[in-house]
Amino acid sequence: MSNFHQRVYEAVKRIPKGKVCTYGCIALMAGSPKASRVVGYALHHNPDPKNIPCHRVVNRQGRLAPSFAFGGAEIQKQLLEYEGVKVSDDGIVDLNIYMDWIKFN
DNA sequence: TATTTGACGATTT
DNA sequence: CAAATCGCCAAAT
């Protein structure tokens, strides 16, 4: 298994409950700031759905991935709200609020 | 080894 | 504001 995917998985697992992270951010933590695409690719494989909260991962706009297909954007929205994340009707989250945990990493 | 592809990002039209 | 385009990187075939 490639070290890169491994890094991505660990990074996603590190996301605190009630917080979210962007693909680019995970890519940055994984060691490649530009590999945001690969992050999505890795999560798409999702070898460990029970430990990998993909619903906490959103795109740069704080918007739920349009091509998201793990059950529908509504599901992700509900999951995030259940964890205390405010989600707009369009499925937009406040990155300014939920990205602040990153500076502690 | 080379080509294709994809849960993205940022910029331009 | 929405669609199109280019750039980026690694995995899959």
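Below, chains carry the letters A, B, ... as their sequence lines are ordered, and counting in each starts from 1. These numbers were taken from a predicted model, which means no experiment stands behind them.
Nucleotide dC8(B) holds its P atom 12 Å from the CG atom of Leu64(A), rounded to whole Å. If you take CD of Gln61(A) and P of dA7(B), they are 16 Å apart, rounded to a whole angstrom. With rounding to whole Å, His44(A) atom NE2 is found 15 Å from dA10(C) atom C1'. Atoms CG (Leu28(A)) and C1' (dC9(C)) sit 14 Å apart, rounded to a whole Å. Whole-Å rounding puts the Lys77(A) NZ to dA7(B) C1' distance at 19 Å. We find that OH of Tyr23(A) is positioned 15 Å from P of dG6(B), with the value rounded to whole Å. The CZ-C1' distance, from Arg60(A) to dC8(C), rounds to 16 Å in whole Å. Whole-Å rounding puts the Asp48(A) CG to dA7(B) P distance at 21 Å.
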Taking Watson-Crick and G-U wobble contacts under 3.5 angstrom, with | marking pairs to another strand and [ ] crossing pairs, the secondary structure of DNA chain C is written .||||||.|||||
Report, one line per pair, each donor and acceptor closer than 3.5 Å where one atom sits in a side chain of residues 25-45 of chain A; sequence neighbours left out.
none

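Pairs of residues two or more places apart, or lying in two chains, never qualify as salt bridge (Lys or Arg N to Asp or Glu O under 4.0 Å) while including a residue from residues 84-94 of chain A.
Closest to the side chain of Thr22(A), out of dA7(B), dG9(B), dC8(C), is dG9(B).
With sequence neighbours excluded, no residue forms a salt bridge (Lys or Arg N to Asp or Glu O under 4.0 Å) with Asp48(A). Residues meeting the salt bridge (Lys or Arg N to Asp or Glu O under 4.0 Å) test with Arg56(A), sequence neighbours left out: Glu83(A).
Using a 4.5 Å heavy-atom threshold, the side chains of Val85(A) and Leu79(A) count as separate. The side-chain heavy atoms of Val58(A) and Ile92(A), taken from C-beta on, include no pair separated by under 4.5 Å.
With hydrogens and angles disregarded, no donor-acceptor distance shorter than 3.5 Å links the side chain of Trp101(A) to the backbone of Cys21(A).
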Restricting both atoms to N or O, compile the protein contacts to nucleotides 11-13 of chain C shorter than 3.5 Å, with distance only.
| from | atom 1 | to | atom 2 | distance (Å) |
| --- | --- | --- | --- | --- |
| dA11(C) | OP1 | Ser2(A) | OG | 2.7 |
| dA12(C) | OP1 | His45(A) | ND1 | 3.4 |
| dA12(C) | O4' | Tyr41(A) | OH | 3.2 |

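Between Val93(A) and Tyr98(A) the shortest heavy-atom distance is CB-CD1, 4.5 Å.
Crowding of Gln61(A) atom CD: a count of heavy atoms from other residues, nucleotides or ligands under 6.0 Å not exceeding 12.
For the pair Arg37(A) and dT5(B), the criterion of a side-chain N or O lying under 4.0 Å from OP1 or OP2 is not met.
Between Ser36(A) and Ser32(A), it is Ser36(A) whose nearest contact on DNA chain C lies nearer the 5' terminus.
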